[in-house]
Chemist: 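Below you'll find the structure I mean.
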Number of protein chains: 2
Amino acid sequence: MSSVTEKKTRMPSDERRELVLAAATTVFGDTGYAGTTTDAVARASGVSQPYVVRMFGTKEQLFLEVLHRALDKLDTAFRAAIAGDPEVGIERRLGLAYFELTADRGILLCLMHAFALGADPVIGTAARCGFMDVYRLLRDESGMSGQQAADFLAGGMLANVVLGLRLFDDYDTEPAVQELLGTVFPEKLDIIRRSHPPLTPSGPSRTAAPGR
Amino acid sequence: MSSVTEKKTRMPSDERRELVLAAATTVFGDTGYAGTTTDAVARASGVSQPYVVRMFGTKEQLFLEVLHRALDKLDTAFRAAIAGDPEVGIERRLGLAYFELTADRGILLCLMHAFALGADPVIGTAARCGFMDVYRLLRDESGMSGQQAADFLAGGMLANVVLGLRLFDDYDTEPAVQELLGTVFPEKLDIIRRSHPPLTPSGPSRTAAPGR
DNA sequence: GTCTATACCAAGATAGAC
DNA sequence: GTCTATCTTGGTATAGAC
């Protein structure tokens, strides 16, 4: 009777922890550090709010862990790309690697949020170090020049903005969006559209005029 | 007796409004939309918290106004650059214009924060529209190709990140930062360092190791 | 036009049961 | 290991005086 059919399939705590971290990545990506409540993370992971706090100590520590994971995934992806097929140019290999990370929007969005929080003593420090680590990796271990590395990074930052602004959702209606996306993600749009269905979590009305 | 020597030199409300908006731009730039309290804005402008709310209705409306102003300044600066001396290349003219905006960090940082909040129904909508307006301006009225416009934009987004991460503060101690800044802001570093003294508002200890 | 006082709610964190 | 209940703080917004 007290077997597997428990409420919510009891799982090893490591696994549950991963689940919460994944959910946190998505939620932090959507609403930023300060804009995210531990309760929102809890609901997204199907656990209680106090349990989220219990697992990570504080919201700040949870975010740091999410940030750390995101940087790790980036590092891993780039190292794999660097070690990849030399037939394909390094910039293309790295570009594809970055593009693949796009599949989990939260990873790059959490980085973007962190990169804007340099004024925060603890998050800012972590973000600076992480960012510079990425830059050094690109400059020192990919064979690219400093200028190439910076240009590549710049493209990545624009990609983040495109992600952050949810421009994919306006792909069909706005010709300019279409052209921009075409140049930001050259020749990859078909894949992009598939991995970014217009899901719109709690569908805001896209029709209202903006504040201008 | 009841003359000019009033507490805090009474000023026309329009002027005070501008003052609050300027302060809000700085504070929002530092701590983001959700991370900023109306009280922090109030303290930075030397008025009371309820008065800030009274002036703008809600924190959200205040942010929208700040965002709107920031986009306006960008638009104005770019249009001036486009109309500028054709002897100097368009990219350099625009780059210098963008660089000059850097003097008031808050402008670009508020944009950056907004660009990460695309999921927010109201801020996101305003941010999307503003961003696309800028892209269209660059693409349609500067004589640049779509690709050039996107590349320029990418460089701007990297500049924002550099600003957001407060990398200038690590300029002296980190060689990699030095090289990166040199390529992000080519030949402009001398000016940059002057306009960005290492003020560090409430000086966090820069020594502690990050979360990694 | 600007302040003080305050109502009200949301959110992070803790205590303690199961 | 995970929940419910709750304490506590801090933050937006309102009421109303000056």
Side-chain angles (χ1 to χ4, degrees), chain A residues 1-24 27-28 30-66 113 117 120-123 202, chain B residues 1-24 27-28 30-66 113 117 120-123 202:
Chain A
M1 239 184 190
S2 63
S3 66
V4 233
T5 329
E6 296 286 354
K7 175 190 158 203
K8 287 185 181 173
T9 17
R10 197 177 294 260
M11 55 171 61
S13 62
D14 281 8
E15 201 173 324
R16 176 134 292 178
R17 190 188 165 86
E18 291 305 316
L19 208 116
V20 174
L21 278 168
V27 183
F28 276 128
D30 276 350
T31 45
Y33 171 63
T36 296
T37 68
T38 54
D39 188 56
V41 173
R43 272 181 280 113
S45 358
V47 302
S48 70
Q49 178 268 329
Y51 190 43
V52 170
V53 174
R54 182 66 85 88
M55 271 193 280
F56 299 94
T58 64
K59 183 173 98 162
E60 188 178 68
Q61 280 168 349
L62 169 58
F63 185 77
L64 286 175
E65 178 114 13
V66 165
H113 282 290
L117 292 182
D120 183 287
V122 16
I123 295 176
S202 50
Chain B
M1 241 184 191
S2 64
S3 66
V4 232
T5 330
E6 295 287 352
K7 175 190 156 200
K8 286 185 180 173
T9 22
R10 196 179 295 260
M11 56 169 61
S13 62
D14 281 9
E15 201 173 324
R16 176 133 293 175
R17 192 188 164 86
E18 291 305 317
L19 207 117
V20 174
L21 279 167
V27 181
F28 276 129
D30 276 350
T31 46
Y33 171 63
T36 296
T37 67
T38 54
D39 189 56
V41 173
R43 273 182 278 111
S45 1
V47 301
S48 71
Q49 179 269 328
Y51 190 42
V52 170
V53 174
R54 182 65 84 87
M55 271 192 282
F56 299 94
T58 64
K59 183 173 100 163
E60 188 177 69
Q61 281 168 347
L62 169 58
F63 185 77
L64 286 175
E65 177 114 16
V66 164
H113 283 291
L117 293 182
D120 182 287
V122 18
I123 294 177
S202 51

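Residue numbering restarts at 1 for every chain, and letters A, B, ... go by the order of the sequence lines.
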Chemist: Could you label the plane-to-plane angle of the B/F63 and B/Y33 rings as parallel, tilted or perpendicular, counting under 30° as parallel and over 60° as perpendicular?
Modeler: tilted
Chemist: B/F63 CZ to D/dG11 C1': how many Å, rounded?
Modeler: 18 Å
Chemist: When you measure from the side chain of B/T58, which nucleotide among C/dT14, D/dC3, D/dA13 comes out closest?
Modeler: D/dA13
Chemist: Taking CD from A/E15 and P from D/dG1, how many angstroms apart are they, rounded to a whole number?
Modeler: 14 Å
Chemist: Going by heavy atoms in the side chains, are B/L21 and B/L62 under 4.5 Å from each other?
Modeler: yes
Chemist: What pair of heavy atoms forms the shortest contact from B/K59 to B/A34, and how long is it?
Modeler: NZ-O, 3.5 Å
Chemist: Between D/dG11 atom C1' and B/L62 atom CG, what is the distance in whole Å?
Modeler: 15 Å
Chemist: Once you round it to whole Å, what is the distance between P of D/dT9 and NZ of A/K59?
Modeler: 18 Å
Chemist: Among C/dC3, D/dT14, C/dA13, which nucleotide sits nearest the side chain of B/Y51?
Modeler: C/dC3
Chemist: Once you round it to whole Å, what is the distance between P of D/dG1 and CG of A/L19?
Modeler: 16 Å
Chemist: Just how far, in rounded Å, is P of D/dT12 from CE of B/M55?
Modeler: 15 Å
Chemist: Please state how far atom CD in B/E60 lies from atom P in D/dG11, giving the value in whole angstrom units.
Modeler: 18 Å
Chemist: Using heavy atoms and a sub-4.0 Å distance, could you list which residues of residues 32-40 of chain A are near DNA chain D? By number, please.
Modeler: none
Chemist: Between the base of C/dA11 and the side chain of A/Q49, is one N or O donor paired with an acceptor at under 3.5 angstrom?
Modeler: no
Chemist: Contact between A/F56 and A/V20 at the side-chain level, heavy atoms closer than 4.5 Å - yes or no?
Modeler: yes
Chemist: Flag the pair A/L117 / B/H113 as yes when at least one side-chain heavy-atom distance between them is below 4.5 Å, and no otherwise.
Modeler: yes
Chemist: Are the side chains of B/T31 and A/D120 in touch, meaning some heavy atoms are under 4.5 Å apart?
Modeler: no
Chemist: Counting only distance, no hydrogens or angles, is the base of D/dG16 paired donor-acceptor with the side chain of B/R54 under 3.5 Å?
Modeler: yes
Chemist: Tell me which nucleotide among D/dC3, C/dG12, C/dT2 gets nearest to the side chain of B/S13.
Modeler: C/dT2
Chemist: Answer whether the closest heavy-atom distance between the side chains of A/R17 and A/E65 falls below 4.5 Å.
Modeler: yes
